[in-house]
2 protein chains.
Amino acid sequence: MRHDDLTQIRKLPLFSKMSDAHFASLMKAALFQRFPEQVILIEEGHRPDFLHVVVEGSVELFARHRGRETTIEIIAPVMTFILAAVAQDDVYLKSARTLTPARILLIPAQAVRDMIGRDAAFAHAMISELALRYRGIVRALKNEKLRSGSERLANWILRTSREQENSNTIELGYEKRTLASRLGMAPENLSRALLQLAKHGVASRGRKIEITNRKALTSFASPDPLLDS
Amino acid sequence: MRHDDLTQIRKLPLFSKMSDAHFASLMKAALFQRFPEQVILIEEGHRPDFLHVVVEGSVELFARHRGRETTIEIIAPVMTFILAAVAQDDVYLKSARTLTPARILLIPAQAVRDMIGRDAAFAHAMISELALRYRGIVRALKNEKLRSGSERLANWILRTSREQENSNTIELGYEKRTLASRLGMAPENLSRALLQLAKHGVASRGRKIEITNRKALTSFASPDPLLDS
DNA sequence: GTGCCAAACTGATATTTGTCAATTCAAATT
DNA sequence: AATTTGAATTGACAAATATCAGTTTGGCAC
């Protein structure tokens, strides 16, 4: 693990306020691992052993039920995941797999729970992080229930562009089918939705999606801070 | 406010572990109010003033977007709501209205946030509560993305029955349209879904829903602890 | 470059879900 | 008991989404 990685992890809201000694103790207990792409990191229904921190690469959180599968979210560096299961010491509700080769820090779940009792600043950061995540999922649920597939796609494009300094070109870091699942639609319908968005300022070639008319796209998408992050 | 109400609130996981003095201080700052039915308690986009605790009656949490409206959850006594917005001191993502006449305790948001720093047991209870709620919404999202409308209805019937000591008769405490919105479907489709479930051990007359063949219903519903609470 | 393979796209069709209109029903009031 | 009123239901239809099959495309190995 590089020194630079450690600095970035330390800067995460979850860890930034705790004492140096406590942070060092967590890191000492942690494992740092590399994984190839398409490796299952977590299986829903299992008990949590580690809090995961993606340092490099991307991770898909998904769930299965009766042969169907859906993507819940896609985790980009540097970010923790499955915090709630660790906090509650209860089974995972989501599975996780790497979408790309990834470097991941594994902090023993028990160490995290112990730290809640030892470091008040960490406990407060946990509250803040869980509340933030809760609100993220509420937005995702509203997005799912209140918008059509093409609307979700349009807003996803705008948000992703924003996350990349408002670049008009988005390079998809994974397969389109994964995006389709994330957006709650069949891969075929993602194709058609992209075709439909051509009328609203979006061009798509291969893994590149380009915003050609941001005003038109925004008008079609109706972004809303209460639905989009 | 009755003494009995106070006892019940004190027993909530969120408040049960904190010191008597701190609990008393929260309650002293709180207001207790009665509301008629169909009163808007909270509007999405506003800043949180109070943590709400439903003591009697039921409250619908819903959200709007571009003329559409959907129910997120229905809160029954005794339960808190909009905890995450209070914790983060950020705008509500949901609106709330009473479905029945209700008695509600209003705890000033600032007092709740202050208490996090003063009472470690309360801070820990907040972590636990937020993690639990987070997992609840993840289940709701999975339920929405992985099941059809009738499947959601079938599982809702089973879960509600379980919450009422496995009674085979469920008395709906609110309008069917509210249930339809909660289940993410049009009221007309709820009617049709109920008709369809007649083939799977469900009878429905007015506001009563009866399970006539639990085995058949369970087989159709495929309940799953990773999707249903 | 050529060939190969999986992913993506396209068209046809089925299924699910939503919408609109008309009717029935049920609860509440008089 | 009759009346009233809004909710619920039903039927017809429209729109959205899923599924299946066949075709094209883009990236990768050789």
Separation of atom [atom1] in [X] from atom [atom2] in [N], rounded to whole Å:
X      : N      : atom1 : atom2 : value
B:K208 : C:dA27 : NZ    : C1'   : 13 Å
B:E175 : C:dA27 : CD    : C1'   : 12 Å
A:K176 : C:dC9  : NZ    : C1'   : 9 Å
B:E151 : C:dT16 : CD    : P     : 10 Å
A:L194 : C:dT10 : CG    : C1'   : 14 Å
B:Q196 : C:dT16 : CD    : C1'   : 10 Å
A:R205 : C:dC9  : CZ    : C1'   : 16 Å
B:I209 : D:dA8  : CD1   : P     : 11 Å

Criterion salt bridge (Lys or Arg N to Asp or Glu O under 4.0 Å) against A:E69, the qualifying member of A:R182, A:R177, A:R64: A:R64
Produce the list of close N/O pairs, under 3.5 Å, pairing protein atoms with atoms of nucleotides 11-15 of chain D; give distances to one decimal.
{"unit_1": "D:dG11", "atom_1": "N7", "unit_2": "B:R192", "atom_2": "NH2", "d": "2.9"}
{"unit_1": "D:dG11", "atom_1": "O6", "unit_2": "B:R192", "atom_2": "NH2", "d": "3.0"}
{"unit_1": "D:dA12", "atom_1": "N6", "unit_2": "B:R192", "atom_2": "NH2", "d": "3.2"}

Would you please confirm or rule out a distance under 4.0 Å between OP1 or OP2 of C:dT17 and any side-chain N or O of B:N189? no
Report which part of the nucleic acid B:L195 touches: base, sugar-phosphate, or nothing (heavy-atom distance under 4.0 Å, all strands).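 Sugar-phosphate contact only.
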I'd like a table of atom pairs between the protein and nucleotides 22-25 of chain D - only N or O on both sides, under 3.5 Å - with the distance next to each one.
none

Taking only distance into account, with no hydrogens and no angle test, what donor-acceptor pairs under 3.5 Å do side-chain atoms of residues 78-88 of chain A form with protein atoms, sequence neighbours excluded?
{"unit_1": "A:T80", "atom_1": "OG1", "unit_2": "A:R133", "atom_2": "NH2", "d": "3.1"}
{"unit_1": "A:Q88", "atom_1": "OE1", "unit_2": "B:S128", "atom_2": "OG", "d": "3.0"}

Is a side-chain N or O of A:K145 found less than 3.5 angstrom from the main chain of B:T71, in a donor-acceptor match?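 Present.
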Find out whether A:R135 and B:V91 are in side-chain contact, i.e. whether some heavy atom of one side chain is under 4.5 Å from a heavy atom of the other. yes
